[in-house]
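All heavy atoms count here, side chains included; hydrogens, waters and symmetry mates do not. One-based numbering, in listed order, for ligands and for the atoms of each.
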Amino acid sequence: MLNIKFLDLLKQQQSIKKELKTGIKSVFKHAKFIMGPEVSELERKLEELSKAKYCLTCSSGTDALILSMMALKIGKGDVVFCPSFTFPATAEAILMVGATPIFVDVSKDTFNLCYKNLVENIESAKRSKLMPRAIIAVDLFGMPANYNKLENIAKQNNLSIISDAAQSFGAEFDSKKVGTLGNITCTSFFPAKPLGCYGDGGAVFTDSYEIKNKIKGLRLHGKGEDKYQIVDVGLNSRLDTIQAAILLSKLSIFEWENNERNRLAKIYNQELKDFFKTPLVPKKTKSVWAQYTLQTKNRDKVINFLKENSIPSMIYYPIPMHLQPAYREYSKNILPKSEELSQEVFSIPIHAYLSESEQGYIIEKLIGLGKLYN
Ligand SMILES: *Cc1c(COP(=O)(O)O)cnc(C)c1O
């Protein structure tokens, strides 16, 4: 009997057991649990990996988004555009800095922002009393948005681009790596993300010296040159040294894991495309497949069938942000594609430790089902 896992962090842990032990042991030895040497070592490594000029780690992906908007002085009276079909943190961060979110629809092919709907929303926001300031583009399920299109739109409207790359670290668009695709890129090291630690963590990337300096202070209570000189109202938002050590150990398998998920995604796409709506990868785009997400009009039946056959699946996301009770006040638009997706999507296992026979079994079962329903 197969025991298929949606995600297998235990197998991953076993594969880097030695590195993890050595890394954590050395943190205990020097006992610099906050801002220890592993933190800056990781930041230099992530700069190398992403080719971004500056990387600063922080305590979560959510904080990375908040710190970015604080650095851009986005706040009360400002508008930030973001997709409705996303993880709640994207929108939550906008409200946490006091700004107003405007929810934009997404594409059913890529799950990323619909550029036409974005422009429409920018135009109508310009006619309001609020000040449009930034676009948060989410690279949903690991696939970068089209940043060439976004840059054009941002330039024409004098907006900053914040890339919510919580799910896409390691991916590429137009030969540029995630980390260099927006004015500021935010990622998360939540365990289930492509580069996850064993707790909470996040990072910001930018090529701007000014933004880097701002965020460097903001994550330490707004500290200036001197520890007790406070130049901004900041946060306590640091990555633990132990988590940095864990991430350093994980870098040795990061590229391999991304390649494995790409290999699995290709097989899924090929085998399942006649039976379900499979994800589209646009030209010039390389995903890291944080999730592999299919669409069907018969989701309840599909999910039940998968359960009966011991195939784990997840629904990301069952309610788009503009329909969430807490965000009703900001739900001015009808966003048909986000609403349809929330009823039709389901994600199936895609991790580097999924065996050939496990993937084969998932495909066989899904094809049998697809023949029935689609
Ligand atoms: C996970 C996630 C976040 C938040 O990251 P945390 O580290 O959990 O705070 C933000 N945006 C998206 C799209 C995410 O998937």
Side-chain angles (χ1 to χ4, degrees), residues 6-7 9 42 46 55-70 80-97 101 103-104 106-107 110-113 134-145 147 150 161-171 178-179 181-182 184-205 215 219 235-240 243-244 246-247 250 261 279 287-293 314-322 324 326-327 338 341-342 345 347 350-351:
F6 190 75
L7 186 73
L9 292 176
L42 174 69
L46 295 179
C55 167
L56 292 169
T57 53
C58 60
S59 60
S60 70
T62 309
D63 269 16
L65 291 164
I66 293 174
L67 287 164
S68 299
M69 284 183 278
M70 287 170 83
V80 178
F81 304 91
C82 75
S84 176
F85 190 66
T86 182
F87 183 74
T90 314
E92 171 190 313
I94 299 170
L95 283 151
M96 285 299 148
V97 298
F103 294 115
V104 177
V106 295
S107 149
T110 65
F111 308 106
N112 286 330
L113 274 172
I135 303 162
I136 302 185
V138 180
D139 300 341
L140 207 70
F141 304 146
M143 194 167 72
Y147 285 86
L150 286 169
I161 300 172
I162 298 169
S163 167
D164 181 346
Q167 304 181 9
S168 65
F169 191 67
V178 163
L181 291 167
I184 310 179
T185 299
C186 303
T187 201
S188 163
F189 303 131
F190 180 82
K193 312 281 170 156
L195 181 60
C197 58
Y198 294 151
D200 275 312
V204 235
F205 300 81
I215 293 176
R219 70 174 173 177
L235 302 173
N236 168 0
S237 187
R238 300 164 298 225
L239 180 73
D240 289 351
Q243 297 301 342
I246 288 164
L247 286 162
K250 280 215 178 176
R261 287 197 307 278
S287 175
V288 283
W289 299 101
Q291 301 298 343
Y292 185 83
T293 304
M314 300 288 272
I315 296 173
Y316 300 121
Y317 298 95
I319 307 174
M321 289 310 293
H322 72 287
Q324 291 284 7
Y327 291 84
S338 299
L341 281 174
S342 69
V345 288
S347 304
I350 184 160
H351 58 78

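In this pair, His322 and Phe103 present their aromatic rings tilted. The plane angle is within the 30 to 60° band. Between Phe111 and Phe141, the two ring planes are perpendicular [angle over 60°; tilted spans 30° to 60°]. Below 30°, between 30° and 60°, or above 60°: for Phe205 and Phe169 the angle between ring planes is below 30°, a parallel geometry.
Shown here are the side-chain hydrogen bond (donor to acceptor under 3.5 Å, both in side chains) partners of Asn112, two or more places apart in sequence or in another chain: there are none. When the salt bridge (Lys or Arg N to Asp or Glu O under 4.0 Å) test is applied to Arg261, no partner is found at least two apart in sequence or on another chain. When the side-chain hydrogen bond (donor to acceptor under 3.5 Å, both in side chains) test is applied to Thr185, no partner is found at least two apart in sequence or on another chain.
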Close N/O pairs between ligand 1 and protein, under 3.5 Å:
from     : atom 1 : to     : atom 2 : distance (Å)
ligand 1 : 5 (O)  : Ser188 : OG     : 3.4
ligand 1 : 7 (O)  : Gly61  : N      : 2.7
ligand 1 : 7 (O)  : Ser188 : OG     : 2.6
ligand 1 : 9 (O)  : Gly61  : N      : 3.3
ligand 1 : 9 (O)  : Thr62  : N      : 2.9
ligand 1 : 9 (O)  : Thr62  : OG1    : 2.5
ligand 1 : 11 (N) : Asp164 : OD1    : 3.2
ligand 1 : 11 (N) : Asp164 : OD2    : 2.7
ligand 1 : 15 (O) : Gln167 : NE2    : 2.7
ligand 1 : 15 (O) : Lys193 : NZ     : 2.7

